[in-house]
2 protein chains.
Amino acid sequence: MEEKDLELIDYELVVLIRRTSLDKELGGLDRSTYTLLTQLSKNGPIGVKALADEFRLDVSTISRQTTALEAKGYVQRLPDPTDGRSSYFQVTEEGMRKVGDAKKARIARHTKLFKDWSDEERQRFGELLARLNRTFIE
Amino acid sequence: MEEKDLELIDYELVVLIRRTSLDKELGGLDRSTYTLLTQLSKNGPIGVKALADEFRLDVSTISRQTTALEAKGYVQRLPDPTDGRSSYFQVTEEGMRKVGDAKKARIARHTKLFKDWSDEERQRFGELLARLNRTFIE
DNA sequence: ATAAATGATTGTATCATACAACTATATGAA
DNA sequence: TTCATATAGTTGTATGATACAATCATTTAT
């Protein structure tokens with residue numbers, strides 16, 4: 001294994017995280033709104049606990065964030081019929097519209113950012129990123 | 001341009017940031033210690049303003065972080081002989097040792113993480129990451 | 001010579017987060 | 001069946017990273 005490749009990856013990952021984690025908003029929505037709506041619209045209505053597991057955040061954090069989303073009307077709370085303690089959050093139409101717009105905005109930005117890359121490079125980068133993320137999970 | 005490649009990149013970047021920005025420490029040092037020591041050891045002694053520009057953080061934030069580093073003995077403040085307002089921070093031997101150890105720890109972790117990747121994949125991923133970071137800068 | 005600009009520090013506010021205490025409900029064991 | 005324990009969620013509180021504003025000291029420009 002080439003040590004210098006790992007060093008490069010290490011360094012560039014740190015730089016990337018440093019830059020991107022400064023963005024308070026993603027496509028015009030704040031981070032938690034964007035990530036929660038994305039998750040809920042992708043993987044169906046789930047509750048506070050499942051979201052906390054997914055994001056590796058404390059349930060108290062998710063509880064506040066979902067309360068905020070509900071107050072904005074982006075999600076609706078559906079009581080779990082089989083468990084009186086919990087409920088699921090379903091993205092509302094308004095929420096779907098918001099997250100759709102945000103995604104469009106991000107794609108537009110990325111289109112510019114990657115405009116000098118070849119199709120092959122973009123495709124490969126996406127694959128490798130996905131692979132890294134799957135690797136983390138194990 | 002393939003829209004689906006951009007969508008994949010967008011999604012996987014969000015996932016990556018979400019995961020990695022949760023790490024409070026990098027190789028046993030807290031984030032700001034690791035990034036500041038790396039920067040200072042790489043690009044020579046510079047002052048608060050230059051660090052703030054580099055990291056796109058407020059000078060007040062950097063000021064506090066460098067004060068903390070100095071208190072820990074990881075950097076030494078060298079007054080700028082040509083400008084009485086500013087000083088440069090030089091990494092001490094102790095600081096060099098600390099950041100060296102931290103880097104070793106990270107490389108060890110990455111060695112495990114990327115163990116199933118081919119040399120070509122690691123090399124390519126590093127290149128593409130670097131390219132993305134350079135693109136951001138413009 | 002004085003006004004404006006600049007590097008840095010410190011006070012204060014905000015935000016995201018974790019932990020702890022608590023409530024309500026569900027599950028399992030005697 | 002009942003009671004102890006576990007679980008889902010909420011709320012109070014503390015912390016850490018950050019930005020902005022005020023300020024100080026020094027430098028630069030008019």
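Within every chain, numbering begins at 1; the chains are lettered A, B, ... in the order of the sequence lines, protein sequences first and strands thereafter.
Listed pair Arg64(A) / dT13(D) fails the phosphate criterion, with no side-chain N or O lying under 4.0 Å from OP1 or OP2. Look at Thr61(A) and you won't find any side-chain N or O under 4.0 angstrom from OP1 or OP2 of dA16(C). The side chain of Ser63(A) places an N or O atom within less than 4.0 Å of a non-bridging phosphate oxygen (OP1 or OP2) of dT10(D). Close to dA18(C), at under 4.0 Å from its OP1 or OP2, lies no side-chain N or O of Arg56(A). Within the structure, every side-chain polar atom (N or O) of Gln65(A) is placed at least 4.0 Å from both OP1 and OP2 of dC15(C).
One atom, CD1 of Ile46(B), and another, P of dG7(C), lie 13 Å apart when rounded to the nearest Å. Nucleotide dC15(C) holds its P atom 16 Å from the CG atom of Asp58(B), rounded to whole Å. The nearest whole Å value for the distance from the CG atom in Leu78(B) to the P atom in dG7(C) is 18 Å. Rounded to whole Å, the distance from CZ on Phe55(A) to C1' on dA16(C) is 14 Å. Between the P atom of dT26(D) and the CZ atom of Arg85(B) lies a distance of 10 Å, rounded to the nearest Å. The distance between atom CG of Leu51(B) and atom C1' of dT9(C), rounded to the nearest whole Å, is 15 Å. Counting to the nearest Å, the P atom of dG16(D) and the CG atom of Asp30(B) are 10 Å from each other. For the pair Asp53(B) CG and dA8(C) C1', the interatomic distance rounds to 13 Å; values are reported in whole Å.
Within 4.0 Å (heavy atoms only), Ser87(A) reaches sugar-phosphate atoms of the nucleic acid but no base atom.
Looking at Thr92(B), its side chain never comes within 3.5 Å of a backbone N or O of Gln76(B) through a donor-acceptor pair.
In this structure, Glu120(B) places its CD atom where more than 12 heavy-atom neighbours from other residues, nucleotides or ligands lie under 6.0 Å away.
In terms of position on DNA chain D, the residue among Lys24(B) and Gly47(A) whose nearest nucleotide sits closer to the 5' end is Gly47(A). Mapped onto DNA chain C by nearest heavy atom, Thr82(A) and Thr66(B) fall at different nucleotides, with Thr66(B) at the one closer to the 5' end. In terms of position along DNA chain D, the nucleotide closest to Ser86(A) lies nearer the 5' end than the nucleotide closest to the other residue of the pair Ser86(A) and Leu57(B).
When only modelled atom types and interatomic distance are considered, Ser32(B) and Asp30(B) share a side-chain donor-acceptor pair under 3.5 Å.
Closest to the side chain of Ser60(A), out of dT27(D), dG9(D), dC19(C), is dC19(C).
Linking Ile, Leu, Val, Met, Phe, Trp and Tyr residues whenever their side-chain heavy atoms come within less than 4.5 Å leaves Leu22(B) and Tyr11(B) in two separate clusters.
Within the cation-pi definition used here (under 6.0 Å to the ring centroid, within 45° of the axis), Arg97(A) does not qualify as a partner of Tyr74(A).
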